[in-house]
Chemist: 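Here's a structure for you.
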Amino acid sequence: MTPLLVWGVVNADLWGEIYGISEAAKVSTFLIAIAPVVAVSSAVNAWRLTPFLAASRARSAWATLLPGTGLSALVGVVVIILGAWLRAGSPTVWWYVLAPTLIATVAWSAIGALLGVSLRPLIGWPIALLGPFLLLTQTLSVADPRWRHLTGAWFGCCQANRTLAPGMAAATALLWASILATALAAVWAWDRVAPRRLAVISVGLAACLVVLTAGRALDAAAP
C-alpha cells in the first residue's frame, strides 16, 4: 500500500502552477485514494482482532486495536506529508492547509476500526472502502459548494491571488477532530470493559459536537 500511495502523490502530474499552498491543496485531494485504503485496512485489522476482544474482559478494545489502526493512519499521514513536502516545499507555508486532511485521515482509520468490530465483513468492509470515496466524490456535485470544504480535501484551491482562509481550515479541522472523537467513543461504548452509561454519554456528547462543528465549518466556508 505504501509504495502505491507514494507513487500516486509524487507522480500524479495533474496539477499546474508551482505555488506552495496550491500544491499542498492539490495533494490533499489525494485523500480520495488514501481514505478508502486507510479505512478498509483498519476495518480488516479490527475484524481480525474481534475474537480476542470478545474473549478478553481485562484488556480494553483500543489497547488491542491501536497498533493496527494507528499504523493504517500513520501510513496515510506520512504519504500526505511526504507528497506535500516534495511538491510544496517547507511546511511552514502549507501546514494549516493540510491539518484538516491529516486529522480526516486519522478519523477514517478510527471509523474503519469501528466498522470492523461492529459489522460483519460483508457489510463493514464495503462501507469502509466505498464510504469515504463516495463522500469525497459526491460532494463535488452538490449545488452548495460549502459542503465540499467539509471533506478535508481542498478541490479547486488555490491560486496566487486566492488562498485558503485559515479560519475555514481551522473549522474543518475541528469538525474532523469531533468525528474522530465520536468514532473513538463509539468503539469504547462497544467495548465490554468500558462503563456502559459513561460510554454512551460520551458518544452522545461527541455526536452533538460533530453537529455543532459542522455548522461552524459551513458558516466559515460561506462566501
Chemist: Hey, does Ile80 have a side-chain heavy atom less than 4.5 Å from the side chain of Thr105?
Modeler: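 Thr105 vs Ile80: side chains touch.
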Chemist: Could you check whether any side-chain heavy atom of Leu102 comes within less than 4.5 Å of a side-chain heavy atom of Val106, counting everything from C-beta outward?
Modeler: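 No, too far: nothing below the 4.5 Å cut-off.
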Chemist: With a 4.5 Å cut-off on side-chain heavy-atom distances among I, L, V, M, F, W and Y, is there a chain of contacts connecting Leu209 to Leu175?
Modeler: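 They do not share one cluster, since no chain of ILVMFWY contacts under 4.5 Å joins Leu209 to Leu175.
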Chemist: If you look at every heavy atom in Ala128 and Ala43, which pair is closest and at what distance?
Modeler: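 In terms of heavy atoms, the two residues are closest at CB-CB, 4.0 Å.
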Chemist: Apart from Val78 itself, which Ile, Leu, Val, Met, Phe, Trp or Tyr residues share its cluster (side-chain heavy atoms under 4.5 Å, direct or through members)?
Modeler: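 Leu74, all in the cluster of Val78.
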Chemist: Leu98 and Ala84: which non-hydrogen atoms are nearest, and at how many Å?
Modeler: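 It is CD1-CB, 3.2 Å.
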Chemist: Same cluster for Leu134 and Leu129 if Ile/Leu/Val/Met/Phe/Trp/Tyr side chains link at under 4.5 Å?
Modeler: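 Hydrophobic grouping puts Leu134 apart from Leu129.
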Chemist: Heavy atoms only: give me the nearest Ser42-Ala113 pair and the separation to one decimal.
Modeler: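 That closest heavy-atom pairing would be OG-N, 3.3 Å.
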Chemist: Decide side chain to side chain donor-acceptor pair (under 3.5 Å) for Ser72 and Ser41; before the verdict, give the C-alpha distance in whole Å, the side-chain angles of both, and the deciding distance to 0.1 Å.
Modeler: CA-CA 7 Å; Ser72 298; Ser41 61; 3.1 Å; yes
Chemist: Students often mix this up, so state it plainly: with edges at 30° and 60°, are the rings of Trp176 and Trp108 parallel, tilted or perpendicular?
Modeler: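 The rings of Trp176 and Trp108 sit tilted, inter-plane angle from 30° to 60°.
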Chemist: Restricting to side-chain hydrogen bond (donor to acceptor under 3.5 Å, both in side chains), what partner residues turn up for Ser178, sequence neighbours left out?
Modeler: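 For Ser178 the side-chain hydrogen bond (donor to acceptor under 3.5 Å, both in side chains) partners, ignoring immediate neighbours, are Thr213.
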Chemist: Honestly curious: do Ile34 and Trp85 fall in one hydrophobic cluster under the side-chain, below-4.5 Å linking rule?
Modeler: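 Linked within one cluster.
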Chemist: Taking the side chain as every heavy atom from C-beta outward, state whether Leu150 and Thr139 have any pair of such atoms under 4.5 Å apart.
Modeler: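 No, every pair of side-chain atoms sits at 4.5 Å or beyond.
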Chemist: Is there a path of hydrophobic side-chain contacts, each under 4.5 Å between heavy atoms of I/L/V/M/F/W/Y residues, joining Trp125 to Leu71?
Modeler: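 Shared cluster, no.
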Chemist: Ignoring hydrogens, what is the shortest heavy-atom contact between Ser109 and Val38? Give both atom names and the distance.
Modeler: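 Taking Ser109 first and Val38 second, the nearest heavy atoms are CB-CG1, 3.5 Å.
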Chemist: If you group Ile, Leu, Val, Met, Phe, Trp and Tyr by side-chain heavy-atom gaps below 4.5 Å, do Val79 and Ile81 land in one group?
Modeler: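 Yes, it is one cluster - the side chains of Val79 and Ile81 are joined through contacts under 4.5 Å.
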Chemist: Check Ala153 against Leu136 and note the closest heavy-atom contact, atom names and distance.
Modeler: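 Smallest heavy-atom distance, with atoms named: CB-CD2, 4.0 Å.
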Chemist: So, applying side-chain contact (heavy atoms from CB on, under 4.5 Å) with Trp154, which one of Val97, Thr29, Leu31 is it?
Modeler: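 Of all the options given, the one that passes is Val97.
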